[in-house]
There are 2 protein chains.
Amino acid sequence: MQKRGFMKEKKEDRRISRTRKLMHEALMSLIVEKGYESITVQDILDRADVGRSTFYLHYRDKDELLLSSFEHLRTLFEQQQQELVASRRTGKDPEVYFILELFRHTGQHHKLYKAIAGRQSGEMILKYLHRYLFNMLIGPNTELMKKRKAPPVPIEITTHYLVSALLSLLTWWLDNNMPYPPEKMDEIFRILATPTIEAAFGRKTTIHPAGSQKAFYDLFVDGDCCPDK
Amino acid sequence: MQKRGFMKEKKEDRRISRTRKLMHEALMSLIVEKGYESITVQDILDRADVGRSTFYLHYRDKDELLLSSFEHLRTLFEQQQQELVASRRTGKDPEVYFILELFRHTGQHHKLYKAIAGRQSGEMILKYLHRYLFNMLIGPNTELMKKRKAPPVPIEITTHYLVSALLSLLTWWLDNNMPYPPEKMDEIFRILATPTIEAAFGRKTTIHPAGSQKAFYDLFVDGDCCPDK
DNA sequence: TTCATTAGTGAACATTATGTTTGATAAAAG
DNA sequence: CTTTTATCAAACATAATGTTCACTAATGAA
């Protein structure tokens, strides 16, 4: 997407990256501590130790900072996804792994996601996630559409329905401190959603387990995720 | 619940009912106009033409007023439900009608519900609705539980999943200006959800159409709901 | 190293909303 | 008619937001 080399793409003033990072970290730690809503810009300023004017030089408001932080996580998730796809050449059903990896990823960053998506922070992020997953799933589904001429339910509705259902499972899992491992949640989603997919499109779907991954964004890899492996 | 007669249970100062009603109406019309979030207490004061102190004499804040208004609607819905149950002595599967009536009811008050539950007003109401529906559905489901010894998915999760799915359909419907009649939405929900229920509990569910109902809360019965009957 | 450029500072300020308090007023209830 | 109680207006304290500006310091390119 961007010009220049491969390892180095430096064009940004160090000060900028520095203050941005400070503000992100401040926001993140504050979210974990007291939840997004109750955080004030002043809180962020104090924690990050930056001037008021500096904040508004970078972001329009609290929400924009949150969104920006969240996009970090999304990027990370996508990198992990790609690594996984690259490392495995089984090839088939990439969207099947997707859901398991989604649970894995959010589990790894559960403190953040719980604070961010656990209903405590505005629906903004949930909306974002919804859109993201919707686009992720609409591809495979439109393919399926071609096989069945007149599906009993409009595909848009089915997709919306399934995304919401998946998200509900995810937020439930986070809100309840992840009482099951990601694999179990993945299985549950399959059990509950597969018959719906079959009813809406008429097709068999298969079930797979999947692999592992690595940690980044060190400060917020939370450690104590899930009871047993 | 309360003491005294049958038709008359007046114990409340007229002034109280009057100002409360004024504030409710103010909030409702404002929600329809500009969405909940952007409404300020001052807006409500101006529209209702009540003093600032009066407002805080009745409600702690905006949210409490909204919640109170919403409970009005819930009461109305329950009345309609009971009338329906009373008028029909077919008796079986009362929860089957429930979903259709839910769509009918929200369709009738779509302006309010769209403003209130259409993602524009905080998740507060959605949460409330979720809890409400959850309790509504947990009864029938625990019955089903007894039939199957070890359901493959914990009932709590299944219920949560189904409620979320139902709500997603409902909000989608409202957000998209109710492109289908309630009957169609009811059918769609059945198509999508029934196989899940069967997978989670192992049982057949039947499909019914249902009747009509009446209007109240006149100011906000919106009229132009849904394309064709 | 030098130096023009760019980012960060902090303090003041305007603005907007919230929620509380007061004593006076008017409308109910009995 | 009298007592009680809800409402009112107005002022107030508080708190958060977002902007401005002149000053300072770090940066990176020459």
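In this structure, A:I39 places its CD1 atom 18 Å from P of D:dA15, rounding to the nearest Å. Separating the CZ atom of B:F55 from the P atom of D:dA9 is a distance of 16 Å, rounded to the nearest angstrom. At whole-Å resolution of the value, CE in B:M23 and P in D:dC8 are 9 Å apart. The CG-C1' distance, from B:D46 to D:dC8, rounds to 14 Å in whole Å. Between B:Q42 atom CD and C:dT15 atom P the separation is 17 Å, expressed in whole Å. Following rounding to the nearest Å, B:L45 (CG) and D:dA10 (C1') show an atom-to-atom distance of 13 Å. The distance from atom CD of A:E37 to atom P of D:dA16 is 15 Å, rounded to the nearest whole Å. Between the CZ atom of B:R52 and the P atom of D:dT14 there is a distance of 16 Å, given to the nearest Å.
You'll find the ring centres of A:F70 and A:Y132 outside the 6.0 Å limit.
With D:dA6, D:dT27, C:dG19 as the candidates, the nucleotide lying closest to the side chain of B:Y56 is C:dG19. The A:L57 side chain lies nearest to C:dG8 when the options are D:dC8, D:dT7, C:dG8.
At a cut-off of 3.5 angstrom, the base of C:dA28 holds no donor-acceptor pair with the side chain of B:R14. In terms of polar N and O atoms assigned as donor or acceptor, the side chain of B:R15 never comes within less than 3.5 Å of the base of C:dA28 in a complementary pairing. With hydrogens and angles left out, the side chain of A:T54 and the base of C:dA7 share no donor-acceptor pair within 3.5 Å. Taking 3.5 Å as the limit, the base of C:dG10 and the side chain of A:S53 contain a donor-acceptor pair of atoms between them.
Among the atoms of the strands shown, only primed sugar atoms or phosphate atoms (P, OP1, OP2) are found under 4.0 Å from some heavy atom of B:D49. The residue A:T40 sits close only to the backbone: its heavy atoms come under 4.0 Å of sugar-phosphate atoms, none of a base. Heavy atoms of A:I16 sit under 4.0 angstrom from primed sugar atoms or phosphate atoms, though from no base atom.
By the neighbour-count criterion of 12 heavy atoms within 6.0 Å, atom CZ of B:R74 is densely surrounded, having more than that number from other residues, nucleotides or ligands.
A cation-pi geometry, defined here as NZ or CZ lying under 6.0 Å from the six-membered ring centre and within 45° of its normal, holds between B:K62 and B:Y36. The side-chain tip of B:R60 does not point at the ring of B:F55 from less than 6.0 angstrom away and within 45° of straight on.
Ranked by how close their nearest DNA chain C nucleotide is to the 5' end, B:R60 and A:R20 are led by A:R20.
Between A:R20 and A:E25 no salt bridge is recorded (no basic side-chain N to carboxylate O distance below 4.0 Å).
Neither OP1 nor OP2 of D:dA6 sits under 4.0 Å from any side-chain N or O of B:H58.
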